[in-house]
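A quick write-up on the structure given underneath.
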Amino acid sequence: MKLLVYPGSFDPVTNGHMDIIERASKICDKLIVAVLVNHGKTPVFTMEERTMLLKKAIGDRENIEVCSFSGLLVDFMKRINARTIIKGLRAVSDFEYEMQMALLNRKLDNEIDTLFMMTSINNSFLSSSVVRELARNGAGVEDYVPHSIAPYIYEKFKKAGV
Ligand code: PNS
């Protein structure tokens, strides 16, 4: 079975992530979307919230599963017996960090490979931090995140004042 793992912090999931999820799910038997901790970032949404928002955005899809894990990506992959990571690339600016991660993960486990998929051009400017910044300042995010999750994003920023 061709298993792909799409890891990220998804704080929150955006239409850019959804585009990769849609397209990646068509080139594998099963896509595991893995919510992980990026120690370089302080998330606004909890792990549970990020996982819930992803599940809501994806809905009931036979070959897509959403999981969360708090250790190393390679350990998660080993646990589920997966060998291939898929990541989205928006621009050359993403490349350096993603190459470092891909090489590091292969150094940690030489059976693991990373594939890259180019984000669609209309999402190339989009990121979770852009969505957070818009929501924090009271601007609409409906064009940038799945419609089903926009209300949760507004609610979070209204409640927490983050
Ligand atoms: O969406 P992001 O923040 O670019 O995703 C990065 C993520 C979460 C995939 C990456 O930080 C990660 O793999 N975290 C888990 C811990 C890990 O394995 N780190 C890499 C080796 S130090």
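All ligand and atom numbering here is 1-based and tracks the order in the structure.
Atom 20 (C) of ligand 1 has Met101 SD, 3.9 Å as its closest protein atom, hydrogens excluded (heavy atom only). In this structure, the protein non-hydrogen atom closest to atom 7 (C) of ligand 1 is Gly8 CA, 4.4 Å. Regarding atom 10 (C) of ligand 1, its nearest protein heavy-atom neighbour is Tyr97 OH, 4.2 Å. Looking only at protein heavy atoms, the nearest one to atom 17 (C) of ligand 1 is Leu72 CD2, 3.6 Å. Among protein heavy atoms, the minimum distance from atom 3 (O) of ligand 1 is reached at Ser9 OG, 2.5 Å. The protein non-hydrogen atom at the shortest distance from atom 18 (O) of ligand 1 is Leu73 N, 2.8 Å.
Residue contact check for ligand 1: Gly71 places a non-hydrogen atom closer than 4.0 Å to it. Heavy-atom separations between Phe76 and ligand 1 are all 4.0 Å or longer.
Proximity of Lys41 to ligand 1, defined as any heavy-atom pair under 4.0 Å, is confined to the side chain (atoms from C-beta onward).
Heavy-atom contacts of Leu104 reach the following atoms of ligand 1: 21 (C), 22 (S) (cutoff under 4.0 Å).
Hydrophobic clustering of Ile, Leu, Val, Met, Phe, Trp and Tyr side chains at less than 4.5 Å, counting indirect connections, unites Leu31 with Val35. Hydrophobic clustering, with ILVMFWY side chains joined whenever heavy atoms are under 4.5 angstrom apart, groups Val145 together with Val33.
The heavy-atom pair separating Val130 from Phe125 by the smallest distance is CG2-O, 4.0 Å.
A cation-pi arrangement is found for Lys156 relative to Phe45, the charged atom lying closer than 6.0 Å to the ring centre and inside a 45° cone about the ring normal.
With values rounded to the nearest 0.5 angstrom, Asp94 atom CG is found 12.5 Å from Met101 atom CE. Atom CD1 of Ile27 is separated from atom CD1 of Ile86 by 4.5 Å, given to the nearest 0.5 angstrom.
A perpendicular orientation is assigned to the rings of His17 and Phe10, their planes being inclined by more than 60° (bins at 30° and 60°).
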Self-check item: Working for salt bridge (Lys or Arg N to Asp or Glu O under 4.0 Å), residues Glu22 and Arg61
Solution: CA-CA 10 Å; Glu22 263 315 313; Arg61 294 286 295 271; 2.7 Å; yes
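Of the options Val5, Val37, Leu108, the smallest heavy-atom separation from atom 15 (C) of ligand 1 is shown by Val37.
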